[in-house]
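For reference, the structure is listed below as structure tokens.
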Amino acid sequence: MFFRLDDEQREIQELARKFAQHEIAPHADEWDEEHHFPREVLQPMAELGLAGLLVPDQYGGLALPRLTGALIYEQLAQADMATAVWLSVHNMVAGLIAKFGDEAQRERWLPRLVSGAALGAFSLSEAHAGSDATAIRATARREGDEYVLNGSKYWVTNAGEADLYAVMLRTDAEARGRGISTFIVERDTAGFSIGKLERKMGLRSSPTGELIFENCRVPAANRLSAEGDGLKIALSSLDGGRVNIGSIAVGVAQAALDVAVRYAGERVAFGKPIGAFEGIQFMLADMAMKTQAARLLVYEAAWKMDNGEPSITAAAMAKCFATDAAMAVTTDAVQALGGAGYVRDWPVERYMRDAKVGQIFEGANQIQRIVIARGLLGEVASQ
Amino acid sequence: MNIVVCMKETPSITAVKRFTADMRLERRKEDAEINPFDEYALEEGLRQREKHGGEVIALCMGPVTATENIRKALAIGADRGVLVTDPALEGSDAIGTARALAAALQKLGFDLALFGSAAADSYGGVVPAAVAEVLGQPLLSFASKLEIADGRAKIERAAETGYQVAEAAIPALVSVIQTINVPRYPSMKGIMQSKKKPIDTFSLADLGVDATLVGVAGAREKATGSSPVDTQRKGELFSGNDGAADRIVAFLVEQKVL
Ligand SMILES: Cc1cc2nc3c(=O)[nH]c(=O)nc-3n(C[C@H](O)[C@H](O)[C@H](O)COP(=O)(O)OP(=O)(O)OC[C@H]3O[C@@H](n4cnc5c(N)ncnc54)[C@H](O)[C@@H]3O)c2cc1C
């Protein structure tokens, strides 16, 4: 057992903190208020190396361990959860091309993604297929050297802003889970358009929207891996995604805790700082415990992935616990600030709105609990 | 082009400053960072290398623990580091520091030696000139712009009503001010690669510097006491609807703000 980060991890964490606090935090409130997607920070982030976290060196990436990645996302989310989320989606797409793409595909797309010239999006969900991804209906039909894409995809982070879309589509109507394939679709492909953009509770600077395919033709060379591998690719990407979302949740929880602690030292009621009241002290203590416990679960899951140990249960625990903790901690932060917590002069109401989605996406927390329970009960759980 | 950037390790600006019994600044490893003014010198060195090729060496005189901050310079982009460290250097004043740095610069050889305009701990600002004096080479000080062409370094120095232009043949020493550039962030890759870049360590003996001329032994400058800055702010309250605006205007005129 060794609870200390090494020099490299600390330096990378420090760099992420510096960048996040200087280049992101001062704008986060405005981006949220104005639903502004901050494309302008993609390039500077790419220069730091943040747009190729999972990509091998030969394509310009860093191929960082998951644990180091978790440290980075935690810092970014302390400044702005929305930014950390869209960056994690981008990295997930680059990561899946690196892992499942062939040499030509890697050469074609990775340098663009890693340099920040192109932004990635990941599209699995549909209106009728969220938790149950096997229910996907949008199709890709083979015609010679091409596929013809039809149907619509929902809830796509970076919709409209992204240049490359990793899309899971049905290539076989009969085989449910095994009838899905992954395609990379470029933004300017004919027959591909962006539908409705959602109006959201939080995460407002990160667009979420619909992709529409109407007889959209893509070369067969845009299919990743074999036909039928799509769900496997998506689920494998989401495994790592869970650790990322967990670390993002830890970041937003820490940010909320920091504000609440500062406020408790300054705000005076009944002649004392409110931090002198046990009612507030206990709340802050609980917030700190939840945040730290979440952090340790996330680090452990990341460490297991990096060391090739079984990590499915660990990743599910990390994602579920950390996002539940973030929801509880941000809600308590609003409470600790009282009226100030409920208005936009302070960032905690944004933290609370943003935190909620963590419990829903990248596998809703009910699904994470099912995964954990299956690990405990085996066959019994599936009866 | 051989570019050497002199970088000091200083306690971070926000760190609480304490003095030792003999009136020296207590330096804690946790608070140590690259002197913020030197980051501009490093950035300028990297930009000159991007234009003219060559190598950037980060040169630091300090305790062994300063290696960590030299690594940071390597992560930002310097090619290699040199640490001048020796127990006898402890307590050096500006002249002692200049002797050690000058000897290191001479040993390394350089076309361009870059400095920040001052260090954030002592704000002396005389080391660059003292090094130039020891080396007998020109110093172009307080540069807000630097151009190297045809074997000459040319700078602009901000003055009250415009700027002065100064130039000298290289090798030359240049100290820079903060308007000269915007220092870049290190990159993640830079951090990872910095571990593989070399850092050489020189002692006084390696540099052939007489130990009695540096450190406490050679210091001619001695701090004898310290007192906190009086930070009391004066405030004047103008209130009421009656003529407050006129009084504020009068006050601002008096203060030469308007
Ligand atoms: C802001 C945002 C961004 C998103 N970004 C992306 C993206 O980039 N790409 C993408 O593909 N998708 C994205 N999604 C979609 C997201 O992954 C889905 O919303 C999520 O998978 C849940 O699916 P659903 O909304 O259809 O909910 P449903 O599956 O309909 O679930 C509704 C409720 O039922 C529960 N439930 C479902 N099945 C079970 C069960 N077996 N047992 C117990 N409870 C169950 C769920 O936990 C949930 O509480 C995003 C969503 C949001 C809100």
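Order of the sequence lines sets the chain letters (A, B, ...), proteins ahead of strands, with each chain counted from 1. Quick caveat, the model's predicted, so the values are computed rather than measured.
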Inset, instruction - Can you establish whether the number of heavy atoms outside R184(B) located under 6.0 Å from its atom CZ is more than 12? - result: yes
Legend entry - Shortest non-hydrogen separation from K18(A) to Y185(B) and the atoms involved: O-OH, 4.0 Å
Inset, instruction - Give, for atom CE of M188(B) and atom CG of L48(A), the distance between the pair rounded to the nearest 0.5 Å. - result: 5.0 Å
Legend entry - Value rounded to 0.5 Å, distance of CD1 in I12(A) from OG in S187(B): 9.0 Å
Legend entry - Whether over 12 other heavy atoms sit under 6.0 Å from E8(A) CD: yes
Inset, instruction - Among R71(B), K189(B), K195(B), find the residue that satisfies the salt bridge (Lys or Arg N to Asp or Glu O under 4.0 Å) test when tested with E11(A). - result: K195(B)
Inset, instruction - Kindly compute the distance separating CD1 (I191(B)) from CZ (R10(A)), expressed to the nearest 0.5 Å. - result: 11.5 Å
Legend entry - Rounded distance [0.5 Å steps], CG in D57(A) versus CD in Q193(B): 7.5 Å
Inset, instruction - Side chain from CB out, backbone as N, CA, C, O: work out which of these in L53(A) comes under 4.5 Å of a heavy atom of chain B, or both, or neither. - result: neither
Inset, instruction - Identify which part of E47(A) has an atom lying under 4.5 Å from any heavy atom of chain B, answering side chain, backbone, both or neither. - result: backbone
Legend entry - Between CD on residue E68(B) and CG on residue D7(A), distance to nearest 0.5 Å: 6.0 Å
Legend entry - K154(B) atom NZ, neighbour heavy-atom count above 12 within 6.0 Å: no
